[in-house]
Amino acid sequence: MKLPKVYEPAQYEADMYALWEKSQAFKPGMTGENYSVVVPPPNANGNLHIGHALTLALEDIAVRYHRLKGENALLLPGADHAGFETQVVYERQLAKEGKSRFDFTREELYAQIWDFVALNRSNFENQVRRLGAGVDWSRYTFTLDDKIVQRAYATFKKMWDEGRIYRGERLVNYCTFHRTGFADIEVEYKDATTPLYYLKYGPFELATTRPETKFGDTAVAVHPDDKRYTKYVGKVIEVEGVNGPFTVQVVADEMVDPTFGTGVVKITPAHSFDDWEVAQRHTLPVKRILKHDGTLNHEAGRFEGMTVLEARKAVVEALKEKGLLVKVDENYQTRIGSCYKCGTIIEPMLMEQWFVEMQPLAQEAIAALEAGKVAFHPESKKKQLIEYLHNLRDWNISRQIAWGIPIPAFQNVDDSDDWIYDERVTEEIIEVDGKTYRRDPDVFDTWFSSSSWPYATLDYPDGDDFKQFYPLSVMETGFDILYPWVSRMIMLGLYITGDVPFTTVYLHGLVLDEHGQKMSKSKGNVVNPLDIVDQYGSDAMRMGIITGQSAGNNQPFGLSKVVGARNFANKLWNISRYVEDKISGKTIKGVPELRNEADRWIYTSLASCATTVGKHLDAYRFSEAYERLYHFVWDDFADWYLEISKVEPNLDLLAFVHRSILQMAHPFAPFVTETVWQTLAQTGDTLLATSHWPELTLDVADSINLEHEFNILKDIVLEVRGLKNSLGITANIPLHFKGTMSKQQTAIIKHLAKLSDVSSVDKSTGVRLLTSDKALQLWLDVDTKTAAAYREKLEQKRLGCLKVIANLKARLSNESYIKHAPETLVKETREQLAGAEEKLKSIKDEAARFSK
RNA sequence: GGGCGCUUAGCUCAGUUGGCUAGAGCAUCUCGUUUACACCGAGAGGGUCGGGGGUUCGAAUCCCUCAGCGCCCACCA
């Protein structure tokens, strides 16, 4: 045999992938319906983690399936420069060498990181191959490729021209360690307990968590209806501070909660989002007190140069000394925003940045979502997304980092309000109309350019791919990037192309360890998908990770699932060995004949499997599709039909069903199925990957009757096995029957039930099977002593049967049931009752025989 | 404070529009050295579907309520 006894994935996988690539199997054929998926680009610099493995598995299953259905299927791969993420990694490397990013210019840093990423890119590409993802490498796109950059520029320009983007001085979430601003969504909030300080503040007493921001106070606010303080509203008051007295205004604002603290709030517009809003409403002066490195500036007087936390301590001490500190509530619960990379507390910092006006974009997206233009799996995420879009605020797209796409905007050196759009971003200074302009040193938020990913990768606006493949069929990604990415792709897709970027969104949850714990380096429970591939094979990794999972839920990933999947791959391998052994050297007809009830049964069952698996995959129910296939292959084909073929071979059909199994299993287990296909190649065979989904064209007239027809044999076998097991019979004994059975049928029963003989008799001996009926009576030939043990079993069966009958009778005696339930259901219930009663009679007859 | 979700066998989870005796994988128990496979085969046990109430001929599924868990969003200093 060409196929060895045990499937060793590592021996074949690389060759199979190379074969697919060489044959351009993953290039869309440009005929048939379009089915297009773009891979969410993983970080080009990193290793693929378990989440990527899940994404690639789901996408590749979907795309391979649609390819086999004869569609124009595309899975487009990409890699992300992952701006801030990658720079952080690179900074850590610099730190190890005792250097800092601030030792270099942004240009130098950009060049260094480019080389750093280039080193790791091929590594990542090979990992995609090892996971078996059938991507079209000729369309491989990097997020810094020219066409992506040009798209970002064009979008920026269009927004600029249409007034949807503005540069303004606003409060921005700022990390003083990484020295860059963030979008709202990039801030990670954590619950914290902090002291709440009650201070003497002019005529007031007020509560604050941040006494060190006192130097930036320009007002105090009270609620307009708060009678305690009405007399102060509109006045300027003098306040004794740690650096001496200063003055602030008193304003009335709805934002103040009179029941919190003392109902008085100090207003620090430059360093608090709430206070900034108040300052806008009351046109208050704004005073900055923090430098970008997180230390206090000259406004803080003798506290200048201290970090926020140092200053807080020192200011509190100073307040105490001056008798200005009234009391401290040590157990105040609050939420603190921190940098999602380094954990540094995010400071609201007043900065000039580019902002995208979001509400008009959001409204378009909401309209499209409400019109049902995008289907969601799970559906609940759509509602959440709409909710999010309603509350979306303007988006800060400027980042003060090096690794990213430079913002194509220049500022007049003589007039800070004069900004122009220009793509000469490699120049620092340009001359336009005799005026000198300096480039904005910032780069785009990575999400800004990646929002265009679905159409930018397809060469919008003029590319053939765009015309062919847009909108994408499905966007599969983790639910954690629903807001930062999916929402923005929808908004920008609508804004730029006028259409939604994809018609279906499938969101998977977090992949957890097998105990439901989040994977993390510190816990040491991180599973590397490539290790799993090494150990169990790529197919096992893929099938293991999709087993028993549904959209939107977090999913524990355990080795037991992988082992199960590995065993299934081995099962596929071994049924193939069996088939190879049977058919080698024989001439196999492409169109089989159905000769007996077993043939008709397996063919019907195959057809049902192909339909159901297809339906599940069409509806993105991956796990259910896999399970249905698994049970057809293992239970129906391997355990029944293959055994039958040992005594009643129909090689044409055996080969046909086997081929169909390879075709259906291919999306789930591409490597093992292609390996078998190539090894057993018959004339005319090319690649399984570009083969086709089973076409079941034989006429099987009445499948319900056919099922019944084979089930008679099946029931006999099952009962004999059950009896032998429960009576402890291990020897092969004979079965007798009275009635009609063909030679084929007796041979099948004999083999499957492990009997010594199946023969026709005139007189009954031994234990009568309950599957007997008038036409066909059967007896298992056991001695009297063993048969006596059977009486107990019979009594158990009788009780069970009585229960079933009582149940069915109760249902049928319910008039409402007869009246309201569908007719077919009632009819079915009647039939079941009749069947159960017949069975009860058999049991009673048999019991009577024993009592004689 | 608002929103969303989860609770089904020992474990991890499926269960599409309400409809037969609620399923799977793993685990457990019994038996088996059959020439595709011990990464196997045959058989078995195991659940009052978180609690309570309601709608319905019929509820794991729809509604209400209670309890526990989780996630996301939010300007109480």
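Note on naming: letters A, B, ... go to the chains in the order of the sequence lines (proteins, then strands), and numbering restarts at 1 for each one.
The phosphate of B:C76 (OP1 or OP2) has no side-chain N or O of A:Arg210 nearer than 4.0 angstrom. Within the 4.0 Å cut-off from OP1 or OP2 of B:G32, not a single side-chain nitrogen or oxygen of A:Lys724 is found. In this structure, A:Lys571 does not reach the B:C40 phosphate: none of its side-chain N or O atoms is under 4.0 Å from OP1 or OP2. Between A:Trp634 and B:G25, a side-chain N or O to OP1/OP2 separation shorter than 4.0 Å is absent. At least one side-chain nitrogen or oxygen of A:Asn567 sits closer than 4.0 Å to the OP1 or OP2 atom of B:C40.
Sequence order on RNA chain B of the closest nucleotides to A:Gly564 and A:Phe568 puts A:Gly564 first from the 5' end. Sequence order on RNA chain B of the closest nucleotides to A:Trp573 and A:Asp639 puts A:Trp573 first from the 5' end.
Among the protein residues, A:Pro378 comes within range of no part of the nucleic acid, since none of its heavy atoms lies under 4.0 Å from any strand. Nucleic acid contact for A:Val256: base, since at least one base atom lies under 4.0 Å from a heavy atom of the residue. If you check every strand for non-hydrogen atoms under 4.0 Å, A:Asn391 touches nothing. Backbone-only engagement by A:Thr334 is indicated by non-hydrogen atom pairs under 4.0 Å involving sugar-phosphate atoms exclusively. Within 4.0 Å (heavy atoms only), A:His631 reaches sugar-phosphate atoms of the nucleic acid but no base atom. Using a 4.0 Å heavy-atom distance criterion, A:Lys561 is classed as a sugar-phosphate-only contact. A:Glu643 comes within 4.0 angstrom of a nucleotide base, judged by non-hydrogen atoms across all strands. Here A:Tyr483 lies in heavy-atom contact (under 4.0 Å) with sugar-phosphate atoms only. Residue A:Thr730 is classed as a sugar-phosphate contact, given heavy-atom separations below 4.0 Å to backbone atoms only.
A salt bridge is defined here as a Lys NZ or Arg NE, NH1 or NH2 lying under 4.0 Å from an Asp or Glu carboxylate O, and A:Lys266 with A:Asp217 meets this definition. With respect to A:Lys809 and A:Glu837, a salt bridge is recorded, a charged nitrogen being found less than 4.0 Å from a carboxylate O. A:Lys382 and A:Glu379 are not joined by a salt bridge, as no carboxylate oxygen comes within less than 4.0 angstrom of a charged side-chain nitrogen.
Within the model, atoms CG of A:Leu840 and CG of A:Leu770 stand 10.5 Å from one another, a figure rounded to the nearest 0.5 Å.
In a base pair of the Watson-Crick type (N1 to N3 plus N6-O4 or O6-N4) or a G-U wobble (N1-O2 and O6-N3), with each distance short of 3.5 Å, B:C40 is matched with B:G32. Nucleotide B:C26 forms a Watson-Crick or G-U wobble pair with B:G10, both donor-acceptor distances falling under 3.5 Å. As the counterpart of B:G1, B:C73 is assigned, both hydrogen-bonding distances of the Watson-Crick or G-U wobble pattern falling under 3.5 Å. Nucleotide B:C49: unpaired (no Watson-Crick or G-U wobble partner with both distances less than 3.5 Å).
The base of B:C39 sits within donor-acceptor range of the side chain of A:Arg566, with an N or O pair under 3.5 Å.
If you check B:C75, B:G19, B:C13 against the side chain of A:Arg393, the one that comes closest is B:C75. Here B:C57 is the nucleotide among B:C57, B:C76, B:C72 with the atom lying nearest to any side-chain atom of A:Ala821.
Side-chain contact check for A:Thr477 and A:Tyr506: no donor-acceptor pair (N or O, by modelled atom type) lies under 3.5 Å.
Ring geometry, A:Tyr229 versus A:Phe204: the interplanar angle exceeds 60°, so the pair is classed perpendicular (tilted spans 30 to 60°).
Counting to the nearest Å, the C1' atom of B:G41 and the CD1 atom of A:Ile575 are 16 Å from each other.
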